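Treat the numbers as computed from the prediction; the structure is a model and nothing was measured.
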Amino acid sequence: MLNIKVSFFIPIIIAFFPIAVIARSPQIIAHRGGTGDAPENTEYAIQKAINSGADAIWITLQFSKDGEIVLYRPTELSALTNLKGQVSAYSVHELKKADAAQKFSPPGYPLRGKGITIPTLDEVLKKWPTTFFYLDIKSPDAQPDKLTRTLYETLRKNHAFDRVRVYSTITKYIDALPESIPHFASRDITRTALAAITMGHTCILDDSKKSHDWYGLEYRREVQVIEKFTLGDGISKSVLKWDKEAIDCFKKNKNTKVVLFDINSKDDWLQAKNLGADGVLVDSPAKFKK
């Protein structure tokens, strides 16, 4: 009987309150421009994601040999392109010779040789002056202060401070950012707080601190738990997963925003929506358009 009531109740909400439902929906963020739909971190991918209705674009940044910020993710260029080595070993001019669609693999590699290359952040911000971008710093060997200065100047030149937010799994890059560049809390802070609430039901976040009010992490994340015993360490596997208790902890400050990563199924999207996530990182905006 309960299932019957639920099945009839949901269509009524959608039929009579469509605006409220849409307003509560999390922002659809195209991961690396939509890595499931197009060669990641390319202008081709960004445009395709926008055409598919993505609300914002997540792009990955690295530093070139001549000090330009470019869009690329893996450590090795050979992972996705026809070049070899690290991004930092090449100038922007040399990187423009890369075929960024070389390894994109629908049957027949249809986008090879089509001029899809590695763009610079400056080019992307100029081409899409009203699009919101999440900037994920991945550069493995860049000096944080130098990269930060270049990032600041690129954002200033393109009047882009109000349409970007910076993320990095590398804490030194987050720590080097000035407050004038909007950014997420570090991954370490986010993961530690989520572990405390998930495993110990203890909220360790101080809502009086306003400096970091954006958090991002995978919706579910496998971790190793290390326990200290007299005879040695005990190591066991566990899963950190966002639930209402976790969301309530992070959102003690009403201005806090939470973005959940790796949302690639309808069920996970509905869970993220019901929890009150502000954004979800998806691989295929074309799929979520439906």
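In terms of heavy atoms, Pro182 sits closest to Ser180 at CD-O, 3.4 Å. In plain terms, the two heavy atoms of Phe250 and Thr256 that are nearest each other are O-CG2, 3.1 Å. Residues Ser265 and Asp268 approach most closely at OG-N, 3.1 Å, considering heavy atoms.
Without hydrogens or angle criteria, Asn82 side chain to Asp99 main chain gives a donor-acceptor distance under 3.5 Å. For the pair Ser168 (side chain) and Ile137 (backbone), a donor-acceptor distance under 3.5 Å is present. Side chain of Tyr72 to backbone of Leu77: a donor-acceptor contact under 3.5 angstrom is found. Between the Ser91 side chain and the Asp66 main chain, no donor and acceptor come within less than 3.5 Å of each other. Side-chain atoms of Lys172 do not come within 3.5 Å of backbone N or O of Pro144 as any donor-acceptor pair. Of the possible polar contacts, one joining the Gln62 side chain to the Arg73 backbone as a donor-acceptor pair under 3.5 Å is found. The main-chain N or O of Glu76 is never found under 3.5 Å from a side-chain atom of Gln86 such that the two would form a donor-acceptor pair. Side chain of Arg32 to backbone of Asn41: no donor-acceptor contact under 3.5 angstrom is found.
Between Cys203 and Glu245, the closest side-chain pair of non-hydrogen atoms is not below 4.5 Å. Two residues are said to be in side-chain contact when any heavy atoms from C-beta on lie closer than 4.5 Å; Lys257 and Arg165 fail this criterion. In this structure the side chain of Phe104 never reaches within 4.5 angstrom of the side chain of Thr42, judged on heavy atoms. Put simply, the side chain of Lys157 reaches to within 4.5 Å of the side chain of Lys126, judged on heavy atoms. The closest side-chain heavy-atom distance from Ile59 to Leu135 is below 4.5 Å. At least one side-chain heavy atom of Asp37 sits under 4.5 Å from a side-chain heavy atom of Pro285. For the pair Leu217 and Arg187, the minimum side-chain heavy-atom distance is below 4.5 Å. Residues Leu151 and Leu177 meet the side-chain proximity criterion, which asks for heavy atoms closer than 4.5 Å.
A salt bridge does not link Glu94 with Lys97: none of the charged nitrogens is closer than 4.0 Å to a carboxylate oxygen. Ionic pairing of Asp188 and Arg191 is present here: one or more N-O contacts between side-chain nitrogen and carboxylate oxygen are shorter than 4.0 angstrom.
Residue His31 forms a side chain to side chain contact (heavy atoms under 4.5 Å, CB included) with just one option from Val282, Leu281, Asp262, and that option is Leu281.
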*asked:* If you apply the rule side chain to side chain contact (heavy atoms under 4.5 Å, CB included), what do you find for Ile263 with Gln271, and how did you get there?
replied: CA-CA 10 Å; Ile263 301 293; Gln271 288 294 327; over 6 Å; no

*Quick one: do Val280 and Tyr219 satisfy side chain to side chain contact (heavy atoms under 4.5 Å, CB included)? Show the steps, please.*
CA-CA 9 Å; Val280 293; Tyr219 171 51; over 6 Å; no

*Kindly indicate, with the supporting measurements, whether the criterion side chain to side chain contact (heavy atoms under 4.5 Å, CB included) is fulfilled by Lys251 and Asp278.*
CA-CA 11 Å; Lys251 290 200 168 190; Asp278 299 284; 2.8 Å; yes

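When the side chains of ILVMFWY residues are joined at heavy-atom separations under 4.5 Å, either directly or via intervening members, Ile204 and Val258 end up in two distinct hydrophobic clusters. Clustering ILVMFWY residues whenever any of their side-chain heavy atoms sit less than 4.5 angstrom apart, transitively, puts Ile118 in a cluster other than the one holding Phe133. No continuous path of ILVMFWY side-chain contacts below 4.5 Å connects Val70 to Trp128, so the two sit in separate hydrophobic clusters. One hydrophobic cluster, built from ILVMFWY side chains closer than 4.5 Å, holds both Val166 and Ile46. The cluster map of Ile, Leu, Val, Met, Phe, Trp and Tyr, joined by side-chain heavy atoms under 4.5 Å apart, puts Phe63 and Val124 in the same cluster.
Rounding to the nearest 0.5 Å gives a distance of 8.5 Å between CZ of Phe132 and CG of Asp162. For the atom pair Thr154 OG1 and Glu68 CD, the distance stands at 7.0 Å (nearest 0.5 Å). Distance CD1/Ile57 to CD1/Ile29: 9.5 Å, rounded to 0.5 Å. Interatomic distance, Leu80 CG to Thr35 OG1, rounded to the nearest 0.5 Å: 8.0 Å. Rounded to the nearest 0.5 angstrom, Asn253 CG and Asp213 CG are separated by 6.5 Å. Atom NE2 of His201 sits about 12.0 Å away from atom SG of Cys249, to the nearest 0.5 Å.
Judged as a side-chain hydrogen bond (donor to acceptor under 3.5 Å, both in side chains), not a single pair has a partner in residues 102-118 (not counting sequence neighbours). Sorted by first and then second residue, the pairs that involve residues 49-59 and meet side-chain hydrogen bond (donor to acceptor under 3.5 Å, both in side chains), not counting sequence neighbours, are Gln47-Asn51, Trp58-Asp136.
Two rings, from Phe184 and Trp214, have their centers less than 6.0 Å apart. In this structure, the ring of Tyr167 has its center no less than 6.0 angstrom from the ring center of Tyr173.
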